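What you are looking at is a predicted structure, and each value in this text was computed from that prediction instead of being measured. Every chain is numbered from 1, with letters handed out A, B, ... down the list of sequences.
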Protein chains: 2
Amino acid sequence: MSEPKIQDVARLAGVSTTSISNFLNNRMEQMRPDTQRKIQQAIEQLGYRPNNAARQLKTGVASMVGLLVPSLANQFFGSLACAVETAAARHHCHVMTFSTFRDPERERAVMADLLAYGAQGIITGSALNDTDHLVAMTARCPVVAFDIKRSDDSHERITTISVDNVAATTKAVEHLVALGHRSIALVTPPPYTLNRQDRVKGFQQATAAAGVSGELVIADATDAPTDLHGDTQLFELGRSAAARLLSAASKPTAAIAINDMMAIGIGIGLKQLGKRLPQDFSLIGIDDIFFSAANDPPLTTLRQPIQAMADAAVQRILAPNTATAGGELFAPELIVRASTAAPPK
Amino acid sequence: MSEPKIQDVARLAGVSTTSISNFLNNRMEQMRPDTQRKIQQAIEQLGYRPNNAARQLKTGVASMVGLLVPSLANQFFGSLACAVETAAARHHCHVMTFSTFRDPERERAVMADLLAYGAQGIITGSALNDTDHLVAMTARCPVVAFDIKRSDDSHERITTISVDNVAATTKAVEHLVALGHRSIALVTPPPYTLNRQDRVKGFQQATAAAGVSGELVIADATDAPTDLHGDTQLFELGRSAAARLLSAASKPTAAIAINDMMAIGIGIGLKQLGKRLPQDFSLIGIDDIFFSAANDPPLTTLRQPIQAMADAAVQRILAPNTATAGGELFAPELIVRASTAAPPK
DNA sequence: CTGTTAGCGCCTTCAC
DNA sequence: GTGAAGGCGCTAACAG
């Protein structure tokens, strides 16, 4: 049951431990081809695996980055985790993902764990509640955020990677206006985070620029049940916001949801109220989560280039010098599907 | 930037490193309250965090289990990862999750990484392609699988935790029969894995027992595009199987899908063919993934008790003596929603 | 109850 | 190219 160690390999191969170490760290110049062969053979025969803990203890670095998400059960963050893992793998680095369940205490504990593991850096997928500890982390290792609270005043120390949220809602409005809509609503929970705030800004600017009505419908979290695991909340919030949407003062014929999860909820709510999509009402989301395409009707949305964003985040941590300075903004891509059409006559 | 170490704490607190170690490992009996207080204070003042690598090197154990899933972008496995993380946290243990993308080479590499990290055990969420290495792992650490290939002949060495698949399809058939259906189909990709095979068995037994027609519709993977990240495959497979379902020899009025992802695809396909659910056709899935409730119509399904299963899996690894011997089967729960109804007259 | 000490497995000089 | 040796931070004897 006990693992073979580097000396065992050295003995079997009939070489020194130094050579094994060199071999393991790809310093091939320093040995003859047949030495390499012998080592390779000995390693395979023994099923040898260098012990990560020992290596880390000696070198002081772990090839690991930490990822914090509200919950992996939330489809968007599952995809994000997957993208981050892929990005890290390109740097031969591993990812340790933690679900925080939006619990400040857990966020804190988890950051401490990451530090104890010697994580090279930490990436947070959504705005954390425990801002203090996040900021404190910046003193220890690079911190990259996909979203942060708008009240967070330590932006400079946290690298922010995100989609261009202003552009997202702008494009959404333009798409809807091109279709002929003259009154559009944006449905969102209270915009506490930078991402949401920017989406609101883009919405307001774009509707004003196009000279169409742009009403904000705030879906308040108080009346929806909290579900920490699945983040069902936004879905339920969307469903319950459907009625408010239809009775809004500006009589909107189309709505932009703050994200796809909410859009899907709105869609269900609208259908329950007898509206057909897109004939009676147009709906557009943001994110392009997997189920947007499987929705009925398939949801028009603005896709976040998650993989590119994950690559950038990982690069910030593992190769900070090759990365662009400051935050980075990625262009959203309009994916036209079947939930948007011309307004009813 | 360099982290404080145990000696620094000892010096500041004016005690020995042993006491610090005892303190860190909750051996409080061995010291006076004021010593504890001093230590606590010193730790906080220094922001001390014990180095995990050193601890692991010394004790030989990492408090970590590995989880292998096809992809975290797949909603079911995201939920599973979340459940496993929660279960492990109860044992103060961390989880390192890897997406294998069903690539045998990656499965192998990832298992090796897990070994190098000193994982206490490994859990695999779905049948792996690289069976040899999985079996080899059993010699090093406990291996728990939620599903394995039916050709895998090393079942004894791998603990299998799963829902009672025979019961799942049996309950599905019973529900449908109670509703009045006399001809039911089971839609599945080729049943290469134990889970699927059992589902087929339950279906055949139950339809036979009820004296109703039970046709198997095999959706072949060849005509659907492969999407490794999102496992869209099953969704697309379901969609394309809808036509075959309607033209099946036994004229089924209801279908059981091998899982919810496929059921959602079948539902879309059916609607595209002009069928209304559940008036014209009843549909039932297995899993109860998040989007089943958000589907239109909300999907009747058999829920897997994922959290309980994850708890059992983790317990197998971290407390094998307290765990039940052999594999464990969990009862699925019928969740009746709106995709099933009496057959059309 | 507290201090001292010897490694855990690996990496890296350094002399050979 | 090789072999020896020191030490990364922590734990667990063992003495006191």
What pairs with A:Ser126 under side chain to side chain donor-acceptor pair (under 3.5 Å), at least two apart in sequence or on another chain? none
Atom CE in B:Met111, atom OG1 in B:Thr100: separation rounded to 0.5 Å? 8.5 Å
Roughly how far, to the nearest 0.5 Å, is the CG atom of B:Asn74 from the OG atom of A:Ser79? 9.5 Å
Using heavy-atom distances to pick each residue's nearest nucleotide on DNA chain C, tell me which of B:Asp34 and A:Ser21 is more 5'. B:Asp34
Between which nucleotides of DNA chain C, 5' to 3', does chain B make heavy-atom contacts below 4.0 Å? C:dC1 to C:dG9
Enter the distance from A:Asp8:CG to A:Glu3:CD here, rounded to the nearest 0.5 Å. 11.0 Å
Can you list every salt bridge (charged side-chain N to carboxylate O under 4.0 Å, His left out) pair that touches residues 82-95 of chain A, not counting sequence neighbours? A:Glu85-B:Arg106, A:Arg90-A:Asp311
According to a strict under-4.0 Å criterion, is B:Thr59 in side-chain N/O contact with OP1 or OP2 of D:dT11? no
I'd like to check the ring pair (Phe, Tyr, Trp, His ring centres under 6.0 Å) partners of A:Tyr117; sequence neighbours left out, ordered by chain and number. B:His94
Residues B:Met96, A:Thr97; criterion side-chain contact (heavy atoms from CB on, under 4.5 Å); working and verdict: CA-CA 7 Å; B:Met96 199 138 182; A:Thr97 306; over 6 Å; no
How many Å lie between CG on B:Asn52 and P on D:dG9, as a whole number? 14 Å
Set of residues satisfying side chain to side chain donor-acceptor pair (under 3.5 Å) with respect to A:Arg49, sequence neighbours excluded: none
Would you mind listing every ring pair (Phe, Tyr, Trp, His ring centres under 6.0 Å) that reaches into residues 13-59 of chain B, with sequence neighbours excluded? none
All N/O pairs under 3.5 Å across the protein-nucleotides 13-16 of chain D interface:
none

Which comes earlier along DNA chain C counting from the 5' end, the contact point of A:Leu24 or that of B:Ala54, where each point is its nearest nucleotide? B:Ala54
Any side-chain N or O of A:Arg32 under 4.0 Å from OP1/OP2 of D:dG1? no
Residues in side chain to side chain donor-acceptor pair (under 3.5 Å) contact with A:Thr35, at least two apart in sequence or another chain: none
Tell me the closest heavy-atom pair linking B:Glu107 and B:Asp130, and the distance in Å. OE1-N, 2.7 Å
Strictly by side-chain hydrogen bond (donor to acceptor under 3.5 Å, both in side chains), give each pair with a member in residues 58-69 of chain A just once, sequence neighbours left out. none
Is B:Arg27 close enough to D:dT11 that one of its side-chain N or O atoms is under 4.0 Å from OP1 or OP2 there? no
What parts of residues 8-17 of chain B reach DNA chain C, counting only heavy atoms under 4.0 Å away? B:Val15, B:Ser16, B:Thr17
Strictly by side-chain hydrogen bond (donor to acceptor under 3.5 Å, both in side chains), give each pair with a member in residues 312-322 of chain A just once, sequence neighbours left out. A:Gln315-A:Thr322, A:Arg316-A:Glu328
If you fit an axis to the five pairs at each end of the helix from C:dC1-D:dG16 to C:dC16-D:dG1, how big is the angle between those two axes, to 10 degrees? 40°
Which part of the nucleic acid does B:Asn25 contact within heavy-atom distance under 4.0 Å: base, sugar-phosphate only, or nothing? sugar-phosphate
